[in-house]
Amino acid sequence: MTRRILLTIAGPVVSVLLALLVTTLFLTFGGYSAASAYEVMWNYGIEPASLVSALNNAVPLYLAGIAAAFALRMGLFNIGVDGQYRVAALAGAVVAANLPLPLYLRLPITLLVCCLVGALWALVPALLRVYRGVSEVITSILMNAIATTVVAILLANVFRSGGGQNTGTAIIGADGAMPALVDLGIGNRTSISGFLVLAIVVGIVFYLIQYRTTFGFTLQVASKSPEAAESAGIKVNRRIIWAMLGSGAIAGLVGLPHVLGVAFRFDGTLPTDLMFTGLAAALLGRSHPIGVAVGAFVLAFVERSSQVLGLVQLPTEVGSVFMAVILLSSAIGYWFTDKADRRLALWNAIRSRRRAGAQTVEASS
Amino acid sequence: MQKQEELVRLTGIVKRFGAFTANDRIDLSVKAGTVHAIVGENGAGKSTLMKILAGEEHPDEGTITIAGEPRTFSSPRDAQRAGIGIVHQHFLLADALSVWENVVLADEPGSALRLDSRAARRSVEELAATNGFPVDVNAVVRELGVGGRQRVEILKVLYRDARIIILDEPTAVLVPSEAQSLFAAMRAFTAEGAAVIFISHKLDEVLDFADEITVIRAGEVVGHRIASETSAAELASLMVKVAMPSVSPRSLPPGDDVVLSADNLSVGLDGEVAALDDVSFAVHSGEIVGIAGVEGNGQSELLLALLGRAASTGTVSLGGHDISALTTEQRRARGMAYIPEDRHKDGLVLSMALRENAALGYHSRAPIKRGPWFSRSGAAAAAASIIEKFDVRGGSVASLASSLSGGNQQKFIVGRELGSSPDVLIAAHPTRGVDIGAQSAVWTELTAARDRGLGMLLISADLDELLSLSDRLLVFYKGRIVAELLPSDVDAQELGEYMTGVRRQGEAAA
């Protein structure tokens with residue numbers, strides 16, 4: 001048991017260390033002092049305002065990570081989270097701004113619509129995979145490109161509010177926006193968004209579905225051994241569709257913290273890198289809801305704290321380098337720890353075999 | 001008569017996979033200008049031996065001599081250079097490419113940067129014409145039938161100037177007329193001094209077309225014959241281990257209720273030879289019906305059709321109700337249990353704990369399913385009871401299935417499938433690859449369940465097992481039931497003759 005926990009932690013730790021190493025090399029070869037850069041980052045990062053910002057920024061990353069993890073647990077790589085959240089965010093912005101209902105009805109309906117739109121966008125790759133055997137990776141990337149065009153057309157021709165320079169949907173009033181959970185009141189912008197609660201709920205639901213229901217069990221079997229699944233009466237194709245639908249539904253929520261909590265409308269400021277950073281969080285956390293949460297927070301923390309580097313004449317790209325390396329090294333980290341684990345298991349087996357051998361020799365002599 | 005120079009000599013070839021010895025000191029000599037058949041049951045080690053000769057596997061011991069020169073092959077490429085070409089049973093072709101592209105693939109004419117497609121097409125056309133192969137070299141492989149694909153595979157071999165051509169079960173996928181033209185082509189190769197080695201377990205074609213025959217059983221050479229001096233009966237008795245099983249007579253007679261029946265059941269794609277061809281039978285409660293047959297004669301398709309995994313025509317009934325339209329899950333819920341052919345493929349998920357494996361196939365009913373929840377305690381209790389009742393050793397409920405030995409994995413599967421007190425058990429090779437102790441344990445459990453009224457369809461390659469356990473035997477040959485026998489009236493040798501198509505029901509032995 002302890003070995004399993006250690007092993008689970010070892011992967012992310014190795015990845016983060018690798019990322020630190022590469023970032024340090026990057027800084028050193030660039031002629032900067034890595035130590036002072038890290039010091040500045042750390043001091044800025046642990047300021048209350050930075051921590052709150054990192055926490056709020058971690059929420060969409062977490063949602064994106066969980067969306068990716070939902071498909072990963074079935075062995076599917078939903079690279080279409082990107083398109084799914086952008087289309088869903090547009091739908092959510094329109095619903096939140098226009099639905100003539102009080103907040104306690106309007107907000108849940110907005111969330112639901114986003115889940116539905118995200119799921120529908122993910123259904124296309126799922127169906128193509130099941131009925132045409134096309135890799136979901138390719139089709140979901142193509143769906144991302146389609147999302148870009150569809151969103152642009154809808155925004156320009158249908159949902160744009162007002163004229164002139166305005167390039168966003170109608171402003172979402174207090175009746176449609178996500179309320180703040182709590183304002184810590186310790187300086188500027190230290191209110192924690194209500195989306196934190198949503199993220200926690202999604203995490204719990206993810207855990208229950210994936211780890212506690214028979215449905216989650218069938219997903220695991222279908223991903224680990226499709227043949228065994230079919231013989232046990234589990235239809236692998238249906239699992240593929242359900243896993244993609246679930247992943248897309250969660251992905252539909254990724255853009256909402258920005259739409260309902262920052263911009264209060266859908267416009268060009270919606271971040272476009274949420275999927276890749278979220279994917280890094282999912283890989284870092286090995287698709288476990290708590291691991292992904294830690295991963296999302298670490299990444300959001302680095303992103304936030306690297307912003308200060310510009311003020312002290314250091315390259316702000318440090319954050320991007322760190323995150324890029326994390327994405328690569330989370331794979332390497334797991335490979336490394338898995339290998340180490342297997343080596344350890346082998347040693348243990350040999351040692352116990354030897355000990356048993358020595359005992360039988362003693363016994364027979 | 002041309003001079004019969006020895007082209008291939010294998011001496012003392014040994015190949016082990018873990019604890020399993022696939023080839024045990026095999027000697028083989030093939031002369032130029034001859035067709036040499038290698039016969040034996042599935043799993044006897046024929047294909048492994050051919051992979052060694054083709055450089056795809058490395059022998060653990062032994063030497064390979066080609067035309068008098070000792071060789072070691074570190075890759076299939078080395079074997080190709082020595083003039084050896086192999087046509088696999090399962091074709092290795094790029095479906096999206098044309099015939100000529102497939103043929104020249106990896107040996108393209110032209111420079112490293114430029115493929116001389118005109119020269120390539122022309123040489124493939126010439127090759128096809130000189131060998132009398134009616135193939136359109138510009139056709140896309142995807143659009144070819146099975147016979148056409150096989151010709152492309154053979155062209156690949158000829159293109160590389162192979163003098164030793166290995167054909168792994170070439171006729172398994174062919175209709176008789178295609179097989180005839182293949183044999184004609186084989187004769188043309190040998191007339192030019194090449195040697196053809198072909199693997200088969202169809203004794204009639206072996207006797208008709210081979211010059212020499214080597215029989216392999218359980219990894220060892222058990223006989224070498226000249227085709228004109230032997231008979232199918234002799235070959236069959238060499239192929240099949242003849243040993244009288246220890247029959248334990250049953251105390252209770254089988255019941256009268258039909259628990260499982262199939263009517264006119266067929267599996268097969270349009271335009272191909274049906275793998276399972278219009279099969280009908282019934283299994284009564286408390287009865288074990290054995291299915292005998294060389295592997296690949298429709299048994300796998302029968303299993304999948306009964307389980308609801310393969311598209312089939314005809315009717316399957318369980319306890320008198322038509323279940324043809326039901327899913328696998330529904331069939332299992334109605335009392336059908338299944339011991340799969342290959343425990344690693346679809347019997348267990350090796351990377352999951354025994355607890356989860358105990359739930360496999362039972363995840364949609366109590367005690368594993370509670371509401372929407374997967375009950376870990378229910379699964380653990382099920383696993384613990386299987387481990388205890390069926391004496392599964394070497395693991396607890398939390399150990400991975402992969403940590404158990406093969407025999408214990410098999411006992412676990414048998415325990416899981418019998419644990420639900422099913423009405424019908426479809427058991428495929430329930431004791432394959434397990435030691436004697438585990439085998440007798442599994443047999444005891446199966447007969448005990450039979451005495452409690454379980455109807456069982458037993459598919460096995462182990463004739464001793466079929467003869468000891470079955471109340472009735474159905475023999476499968478080319479997807480059809482060719483004989484219905486009583487185990488008391490038949491011995492293993494005779495059964496082997498039915499299985500290889502040498503003997504038909506109502507005929508005297510050849």
Side-chain angles (χ1 to χ4, degrees), chain A residues 1-5 7 72-75 131-135 138 204-239 241-242 246 286-287 334 338 341-342 344-346 348-350 352-353 356, chain B residues 300 303-304 306-310 326-334 336-353 355-379 398 400-403 413 416-417 426 428:
Chain A
M1 192 65 204
T2 26
R3 209 185 86 198
R4 247 182 62 198
I5 293 171
L7 199 73
L72 275 177
R73 298 258 313 166
M74 169 64 225
Y131 291 105
R132 282 284 174 269
V134 192
S135 163
I138 308 290
I204 292 171
V205 169
F206 173 86
Y207 175 79
L208 289 178
I209 290 180
Q210 290 283 356
Y211 291 80
R212 287 293 179 192
T213 60
T214 51
F215 173 76
F217 172 74
T218 59
L219 282 184
Q220 281 280 288
V221 175
S223 86
K224 289 188 170 173
S225 171
E227 284 284 340
E230 290 285 354
S231 283
I234 299 164
K235 297 220 161 175
V236 175
N237 281 343
R238 293 231 183 116
R239 304 298 118 177
I241 291 178
W242 280 115
R286 215 165 199 181
S287 299
Y334 284 122
D338 271 354
D341 178 53
R342 237 174 273 158
L344 275 176
L346 187 67
N348 284 338
I350 291 172
S352 63
R353 177 76 56 89
Chain B
S300 304
L303 286 173
L304 294 179
L306 290 177
L307 196 63
R309 281 193 54 184
L326 299 189
T327 62
T328 307
E329 188 176 0
Q330 290 164 328
R331 292 180 194 207
R332 277 179 164 276
R334 292 194 175 202
M336 181 187 278
Y338 172 59
I339 298 174
E341 279 183 281
D342 181 339
R343 56 181 166 260
H344 289 171
K345 197 172 115 213
D346 62 340
L348 295 167
V349 182
L350 292 175
S351 57
M352 281 185 156
R355 179 179 49 216
E356 274 79 30
N357 273 294
L360 215 55
Y362 300 92
H363 56 274
S364 51
R365 57 181 110 155
I368 311 293
K369 187 178 162 81
R370 280 192 197 143
W373 309 114
F374 178 84
S375 165
R376 283 194 199 186
S377 55
L400 294 184
S402 56
S403 67
I413 294 175
R416 178 182 72 202
E417 299 301 326
I426 297 163

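The sequence lines fix the lettering, A, B, ..., with proteins before strands; numbering per chain opens at 1. Nothing here was measured: the structure is a model prediction, and the numbers come from that model.
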Most chain B-contacting option - heavy-atom pairs closer than 4.5 Å, from A:E227, A:E230, A:K224: A:E227

message: For chain B, which candidate among A:F215, A:F217, A:Y211 shows the most heavy-atom pairs at distances under 4.5 Å?
response: A:F217

Given a strict heavy-atom distance threshold of 4.5 Å, which part of [X] is in contact with chain A: side chain, backbone, both, or neither?
X: B:L307; answer: side chain
X: B:A333; answer: neither
X: B:R370; answer: neither

Salt-bridge present (B:E329, B:R365; N to O < 4.0 Å): no

statement: Of all heavy-atom pairs linking B:A359 and B:A379, the shortest is CB-CB, 4.4 Å

task: Measure across A:S223 and A:G75 and return the closest heavy-atom pair with its distance rounded to 0.1 Å.
output: CB-N, 3.9 Å

field: Portion of A:I209 that has a non-hydrogen atom of chain B nearer than 4.5 angstrom
entry: neither

- prompt: Got a second to check how far A:R73's CZ is from A:S287's OG, nearest 0.5 Å?
  reply: 7.5 Å

- line: Heaviest contributor of heavy-atom pairs below 4.5 Å to chain A, chosen from B:T328, B:D346, B:L348, is B:D346

field: A:S231 versus B:R309, side-chain donor and acceptor atoms under 3.5 Å
entry: yes

query: With distance as the sole test, does B:R416 use its side chain to make a donor-acceptor pair with the main-chain N or O of B:G347 at under 3.5 Å?
result: yes

